[in-house]
Amino acid sequence: MSRIPTALPRAGDDAGPVTGRNEAARNQRLRIRVEPRSAPPVPAKDGGALPSAGGSAMPLEELSRDERLYRMRHSAAHVMAEAVLELFPEAQFAIGPPIDNGFYYDFLLPRALTPEDLPEIEARMRTRMKSNVPFEHSEMPRAEALRHFAAQPFKLELIEGIADDTVSLYRQGEFLDLCEGPHVARTGDVPPFKLTSVAGAYWRGDEKRPMLQRIYGALFESQDELDDYLGRLEEASRRDHRKLGRELELFTTNELIGAGLPMLLPKGATIRRLLEEYILEQERQAGYQHVYTPVLGKVELYKTSGHWEHYKDGMFPPMQLEHEELVLRPMNCPHHILIYQSTLHSYRELPIRIAELATMYRYEKSGVVGGLSRVRAMTLNDAHIFCTPGQAKAEFAGVMRMVERAYRTLGITDYAYRLSLRDPDDHEKYVQDDEIWEVGERVIREAMAELGLPFYEAPGEAAFYGPKLDIQLRDILGREETVSTIQVDLHLPKQFDLAYIGEDGAHHRPVIIHRGVISTMERMLSYLIELYAGAFPAWLAPVQAMVIPIADRHGDYAHEVLGELRTAGFRAEVDARNDRMNAKIRHAQLQKVPYMLVVGDREQDARAVAVRTRAGEDLGTMPIFQFIDRLRDEVSTSQDPEVAGPDVGGRRQSEGAG
RNA sequence: GCCGGCGUAGCUCAGUGGUAGAGCAGCUGUUUCGUAAACAGCAGGUCAUCAGUUCGAAUCUGAUCGCCGGCUCCA
């Protein structure tokens, strides 16, 4: 098992007092990275590197890379705060921790910053660094610190949170900040950096508290590394599924439909259909039974399930009818439970696995929706496994194996398992019943142990009804996103008073395992678009081959080729536009079509096609049937991951794509 | 939901108070071409929406909708 002791930021540290449970989770996440990725490291979105336990006296060269970066980023944040205070003497400053890829500092300023302000702040920072003044550590009695920061309410609040009688401070030049360090020795030790953006951020991450202005900076030890990072930012925007979705005609949005309600165009719909067909077949083989249930239900149903109490904010408001209130379902579990309940069940029938490609509607806040990855209408590859408590572990393990297999087929390699637990202090969000949490957690832990799969823990990330095992995918920038999730639920069986008849003839309560393997079609599609940069493997490509007639007289033959391909079950098109062959090739290339089949006089005479790949490779001329065999082999190989050999494990190095 | 930025043709973008522009894509015609862009012409916009300021608004102001970067939240 890969758990590594948690080392939360210390109180008094810049990064410390603000740490809410999410930030704590992020900090934790960093420490459990299981398999080191080969260079360059793409750390998680937030959290920063490990601070050294020692003081700042140790020379930088003797520290680990993570510790050096931690100090440099932290120090850069201080220098930035100094520069901002110089620009806005009335500014209040809050916290400025190092984070992955750089640092930030939060301020309350008399006016809104714009990106145009960043060069000015950067210039002032560079002046500070040139002067190469030392970072000096000192301590001060609490009372004195409270006086010193009398005009800085955020600092006062941080001091209030420190238990000691003395507080730790760092000074560089005229700038004195509440801080536990450590720092680099002098401002001149801060390496290349670039201020990247300004954004709003709540004080202490609490939406009920003031909105501050946060300035983000990127910082690495060398200009090359910084350039590399900035290059990755560009690569990420090239791969952005919203951009590719438009260019490759995968999906579209429209103001008239509303935010978070994208529409899949034929090509995007083709990919989704392929994903659905794949997973439905996997489930059929694994003994799942597929059902259809409505997307609406009475409010009563969700009161019974507990959604109304714990998940109301995520639901669209009810529709008032004459004698009842209906809501759009935010989850599918209640409906599947009613299917289970529609008849009496014997222990001999269990486990019963009820599955559905089920559409649900969630009222996501307006500021968070976008593209396909965060939507208000989503279709989940959902299933609920009703089993005996004794079967839960094996069923859970079976789901994990299905996830591993599906990911291998989809080419997803960069992910981590997260055990999402409740925040025991949050009584509003989570159902209050210690036993269901303990039992659920135990099932997950034991199953993961038997499978030998590593995971990290995240308190405060559970579903309201139980703990879950989330599969966290990482994008090219290292940002994590929950996709597949498996949950062990003892709450809903209780709420609905579910039962099966046991060997002893008495009623027993089943356990429900909720799970999504592909997860929501929308989010998985957005991830795959970015993973493959739009260049889908042949089995998923919306158009697998583009037939390109060289001149008009080859049009009939091109359509014959098209017919052969379609008869063989492939997705192909003919580019019959009045364009030169070069233009057609370019067009197919930009559309990332895997194969271009050029047909001219020679091919027509030989009933052949000249095959070019989107990588620019010329495979030469071959008979149509030979190309069809080749494509068939390619597709069946990618859809059967066992051919590539079993490869169970957590995070693996991404091979990239495109 | 909150902070900030943005919204001009299908796409990418010019246009800062005086009658709306380009390239690509589209359509039509010419060309019939051998592995990443042939040539010519045509067509295409109540400048997101609504209200206001002004003799006059794409341009200034406000509200609403949508998009983007974050925060909070999340599959």
Side-chain angles (χ1 to χ4, degrees), chain A residues 20 22 45-46 104 106 108-109 111-116 196-216 237 240 242-243 246-247 249 252-260 311 313-314 330-331 360 362-376 378-382 429 461 463 468 470-473 481-485 516 518-524 526-527 548-555 577-590 596-603 610-614 616-619 621:
Chain A
N22 290 317
K45 173 174 140 204
D46 209 336
Y104 68 77
D106 287 348
L108 190 63
L109 299 174
R111 69 166 173 87
L113 291 174
T114 69
E116 287 76 61
T196 51
S197 61
V198 313
Y202 297 112
W203 167 233
R204 297 201 145 180
D206 184 342
E207 61 185 324
K208 293 178 191 72
R209 311 202 65 182
M211 175 66 71
L212 308 177
Q213 297 192 65
R214 174 172 297 178
I215 305 175
Y216 283 99
S237 90
D240 190 320
R242 293 165 298 194
K243 178 178 146 79
R246 195 164 46 237
E247 290 173 0
E249 300 176 314
T252 189
T253 57
N254 191 299
E255 282 190 31
L256 271 176
I257 258 199
Y311 202 76
D313 288 348
M331 294 186 195
M360 29 190 217
R362 295 186 184 174
Y363 184 68
E364 300 289 337
K365 289 178 184 172
S366 62
V368 306
V369 293
L372 289 177
S373 58
R374 198 68 188 273
V375 296
R376 285 174 165 170
M378 67 211 87
T379 301
L380 186 65
N381 157 232
D382 207 356
K429 185 172 170 188
E461 298 287 341
K468 54 182 184 158
D470 293 319
I471 292 110
Q472 302 294 109
L473 264 46
E481 194 166 40
T482 303
V483 184
S484 310
T485 171
I518 294 293
S519 147
T520 63
M521 297 299 143
E522 292 78 11
R523 185 166 281 184
M524 180 56 85
S526 77
Y527 182 82
I548 298 176
I550 289 180
D552 285 352
R553 65 177 178 282
H554 309 120
R577 296 172 309 163
N578 182 15
D579 257 320
R580 292 177 59 211
M581 179 199 66
N582 281 333
K584 294 178 185 179
I585 286 176
R586 176 181 155 82
H587 181 251
Q589 196 91 44
L590 293 175
M596 284 150 256
L597 308 180
V598 176
V599 295
D601 291 332
R602 299 199 292 269
E603 289 74 21
V611 184
R612 177 197 162 102
T613 69
R614 69 183 155 206
E617 198 186 352
D618 184 354
L619 299 183
T621 300

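Residue numbers begin at 1 in each chain, while the letters A, B, ... track the order of the sequences. Bear in mind the structure is a predicted one, so any value in this text is a computation, not a measurement. Every heavy atom of this structure was used, including side-chain atoms; hydrogens, water molecules and symmetry mates were not.
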> Looking across every strand, which nucleic acid part, if any, lies under 4.0 Å from A/Val483 by heavy atom: base, sugar-phosphate, or nothing?
Replying inline: sugar-phosphate

> Nearest to the side chain of A/Tyr216, which nucleotide is it out of B/A48, B/C71, B/G1?
Replying inline: B/C71

> So what does A/Ser373 touch, heavy atoms closer than 4.0 Å: a base, only the sugar-phosphate, or nothing?
Replying inline: base

>> So, under a plain 3.5 Å distance rule, would you say the side chain of A/Glu364 forms a donor-acceptor pair with the base of B/G1?
In response: no

>> Both A/Glu247 and A/Ala551 contact RNA chain B. Taking the nearest nucleotide for each, which residue is further toward the 5' end?
In response: A/Glu247

> A/Val375 side chain: which of B/U35, B/C11, B/A75 is closest?
Replying inline: B/A75

> Nearest to the side chain of A/Ala583 - B/A38, B/G34, B/G1?
Replying inline: B/A38

>> Heavy-atom nearest nucleotide on RNA chain B for A/Val598 versus A/Ala199: which residue maps closer to 5'?
In response: A/Val598

> Between the side-chain atoms of A/Arg523 and the base atoms of B/C74, is any donor-acceptor pair under 3.5 Å?
Replying inline: yes

>> Testing the basics here: between A/Gly260 and A/Val375, what is the closest heavy-atom pair and its distance to 0.1 Å?
In response: O-CB, 3.4 Å

>> Any donor-acceptor pair, under 3.5 Å, between the side chain of A/Asn578 and the base of B/U31, if you only look at N and O atoms?
In response: yes

> Across the strands shown, which category fits A/Gly600 at heavy-atom distances under 4.0 angstrom: base, sugar-phosphate, nothing?
Replying inline: base

>> Using a distance-only criterion (donor-acceptor N/O pair, under 3.5 Å, no hydrogens), is the base of B/A37 paired with the side chain of A/Arg586?
In response: yes

> Can we say A/Asp601 and A/Arg553 salt-bridge, meaning some charged N sits less than 4.0 Å from an Asp/Glu carboxylate O?
Replying inline: yes

>> What is the separation between atom CZ on A/Arg204 and atom P on B/U72, rounded to the nearest whole Å?
In response: 14 Å

>> Among B/A38, B/A48, B/C74, which nucleotide has an atom closest to any side-chain atom of A/Asn582?
In response: B/A38

>> Of the listed nucleotides (B/C71, B/G4, B/C73), which one gets closest to any side-chain atom of A/Lys365?
In response: B/C73

> Which of these nucleotides, B/A75, B/G34, B/C73, is closest to any side-chain atom of A/Met378?
Replying inline: B/A75

> Considering every strand shown, what is the Watson-Crick or G-U wobble mate of B/U61 when both distances are under 3.5 Å?
Replying inline: B/A51

> Taking 4.0 angstrom as the limit, do A/Asp240 and A/Arg242 come out as a salt bridge?
Replying inline: yes

> Reckon A/Lys468 has a side-chain N or O less than 4.0 Å from the OP1 or OP2 of B/A75?
Replying inline: yes

>> Looking only at the side chain of A/Met581 (C-beta and beyond, no hydrogens), which of the listed nucleotides B/U32, B/A75, B/U35 gets closest?
In response: B/U35

> For B/G69, does either OP1 or OP2 sit under 4.0 Å from a side-chain N or O belonging to A/Ser197?
Replying inline: no

> What is the base-pairing partner of B/G10, counting Watson-Crick and G-U wobble geometry with both distances under 3.5 Å?
Replying inline: B/C24

> So which nucleotide from B/G1, B/A36, B/C33 ends up closest to the side chain of A/Tyr363?
Replying inline: B/G1

Restricting both atoms to N or O, compile the protein contacts to nucleotides 44-47 of chain B shorter than 3.5 Å, with distance only.
none

>> Let's test your reading of the model: under 3.5 Å, does the base of B/A75 pair with the side chain of A/Ser519 as donor and acceptor?
In response: no

Quick test: give all pairs of protein nitrogen or oxygen and nucleotides 25-27 of chain B nitrogen or oxygen below 3.5 Å, distance rounded to 0.1 Å.
{"residue": "B/G26", "atom": "OP1", "partner": "A/Arg577", "partner atom": "NH1", "Å": "3.3"}

>> Looking at B/A36, I'd like to know if its phosphate oxygens (OP1 or OP2) sit under 4.0 Å from a side-chain N or O belonging to A/Arg612.
In response: yes

> Mind checking who B/G45 pairs with, Watson-Crick or G-U wobble, both distances under 3.5 Å?
Replying inline: none

>> Applying a 4.0 Å non-hydrogen cut-off, can you work out what A/Ala201 is touching in the nucleic acid: base, sugar-phosphate, or nothing?
In response: sugar-phosphate

> Distance between the P atoms of B/A43 and B/G5, in whole angstroms?
Replying inline: 40 Å

>> Is A/Arg553 close enough to B/C33 that one of its side-chain N or O atoms is under 4.0 Å from OP1 or OP2 there?
In response: yes

> Is any side-chain nitrogen or oxygen of A/Lys429 closer than 4.0 Å to OP1 or OP2 of B/C74?
Replying inline: yes

> Would you say A/Arg242 reaches B/G69's phosphate, i.e. side-chain N/O to OP1/OP2 under 4.0 Å?
Replying inline: yes

>> My understanding is that a pair needs two contacts under 3.5 Å, Watson-Crick or G-U wobble. By that rule, which nucleotide pairs with B/C73?
In response: none

>> Under 4.0 Å, heavy atoms only, any strand: does A/Thr482 hit a base, just the sugar-phosphate, or nothing?
In response: sugar-phosphate

> In Watson-Crick or G-U wobble terms, both distances under 3.5 Å, what is the partner of B/G17?
Replying inline: none

> Choosing from B/G34, B/A75, B/A36, which nucleotide comes nearest the side chain of A/Leu590?
Replying inline: B/A36

> Which one, B/A37, B/A36, B/G70, comes nearest to the side chain of A/Met211?
Replying inline: B/G70

>> Need one value for A/Asp601: base, sugar-phosphate or nothing, where a base atom within 4.0 Å counts as base even if backbone is also close, heavy atoms only.
In response: base

>> Could you work out, with side-chain contact (heavy atoms from CB on, under 4.5 Å) as the rule, every residue matching A/Leu590, not counting sequence neighbours?
In response: A/Arg586

>> Between B/C13 and B/A9, how many Å separate the two C1' atoms, rounded to a whole number?
In response: 11 Å

>> My understanding is that a pair needs two contacts under 3.5 Å, Watson-Crick or G-U wobble. By that rule, which nucleotide pairs with B/U30?
In response: B/A38

